[in-house]
Amino acid sequence: FWLKRVGSSGPPQIPQQAASEGPFPGAMDYGGGSSAMQEAENLQNSLNAVLMQLLQNQVRKTCFDKCFSSSFPDRMSKSDHICLAKCMDRMYEAHSIVTKASIEMAQNMQE
């Protein structure tokens with residue numbers, strides 16, 4: 001859920017800083033050496049990849065169901081392309097807003 005929109009098209013990307021810090025920056029720092037930190041970072045990266053895949057699958061399902069209610073055409077029209085693009089943009093924007101609010105809420109709870 002540490003995603004950032006890059007450009008105006010395509011799925012959001014995981015910022016490098018967020019991928020290494022995880023949802024609670026400094027929370028995994030046990031002072032036990034780099035192998036524990038590397039393991040925590042690998043786990044966070046794997047979690048981010050799974051979450052990204054789940055988001056992409058949900059966006060595809062939702063937008064294809066919305067834009068192609070009965071069947072998928074042999075060839076997509078311009079309006080089909082526009083429908084998909086707008087739907088995907090709205091879904092990613094909504095996800096971004098929810099993610100940002102969740103991060104702020106988590107930070108406020110830590111204070």
Side-chain angles (χ1 to χ4, degrees):
F1 48 14
W2 294 92
L3 306 174
K4 177 175 103 178
R5 200 57 201 258
V6 177
S8 62
S9 63
Q13 302 296 314
I14 301 169
Q16 192 62 24
Q17 180 183 10
S20 63
E21 290 181 354
F24 304 104
M28 299 297 276
D29 187 10
Y30 301 115
S34 65
S35 68
M37 287 300 295
Q38 183 65 37
E39 187 175 324
E41 185 175 330
N42 290 342
L43 182 61
Q44 184 64 44
N45 289 338
S46 295
L47 178 61
N48 286 340
V50 168
L51 290 173
M52 176 61 86
Q53 188 66 43
L54 289 171
L55 174 64
Q56 289 175 342
N57 288 343
Q58 185 61 43
V59 167
R60 281 189 202 109
K61 180 182 181 336
T62 300
C63 292
F64 273 79
D65 287 350
K66 179 185 183 299
C67 295
F68 307 105
S69 57
S70 58
S71 64
F72 190 74
D74 291 334
R75 184 170 183 169
M76 287 176 51
S77 67
K78 184 175 181 177
S79 63
D80 293 334
H81 282 279
I82 291 170
C83 180
L84 281 175
K86 285 183 176 183
C87 179
M88 292 174 77
D89 282 345
R90 283 190 297 259
M91 294 281 293
Y92 286 126
E93 181 69 22
H95 183 316
S96 175
I97 290 168
V98 169
T99 300
K100 183 178 178 182
S102 298
I103 292 168
E104 288 175 8
M105 209 164 57
Q107 289 172 345
N108 289 339
M109 289 174 67
Q110 287 181 349
E111 293 176 359

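Computed from heavy atoms alone, side chains included, the values below leave out hydrogens, waters and symmetry copies. All of these numbers come straight from a predicted model, not from anything done at the bench.
- A search for salt bridge (Lys or Arg N to Asp or Glu O under 4.0 Å) contacts involving Asp65 returns Lys61, not counting sequence neighbours.
- The sulfur atoms (SG) of Cys87 and Cys63 lie less than 2.5 Å from each other.
- The side-chain heavy atoms of Met91 and His95, taken from C-beta on, include no pair separated by under 4.5 Å.
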- Task: Would you check, one step at a time, whether the test side chain to side chain donor-acceptor pair (under 3.5 Å) holds for Asn108 with Glu104?
- Result: CA-CA 6 Å; Asn108 289 339; Glu104 288 175 8; 5.9 Å; no
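- Sorted by first and then second residue, the salt bridge (charged side-chain N to carboxylate O under 4.0 Å, His left out) pairs involving residues 72-88 (not counting sequence neighbours) form an empty list.
- Here the CG atom belonging to Leu84 is positioned 7.0 Å from the CE atom belonging to Met88, to the nearest 0.5 angstrom.
- Within the 4.5 Å cutoff, side-chain heavy atoms of Thr62 are placed close to those of Gln58.
- We find the CG-CD distance between Asn48 and Glu41 to be 10.5 Å, quoted to the nearest 0.5 Å.
- Between the NE2 atom of His81 and the SG atom of Cys83 there is a distance of 11.5 Å, given to the nearest 0.5 Å.
- With hydrophobic clusters built from ILVMFWY side chains whose heavy atoms lie under 4.5 angstrom apart, Phe64 shares a cluster with Met76.
- Taken to the nearest 0.5 Å, the OH atom of Tyr92 stands 14.0 Å off from the CZ atom of Arg90.
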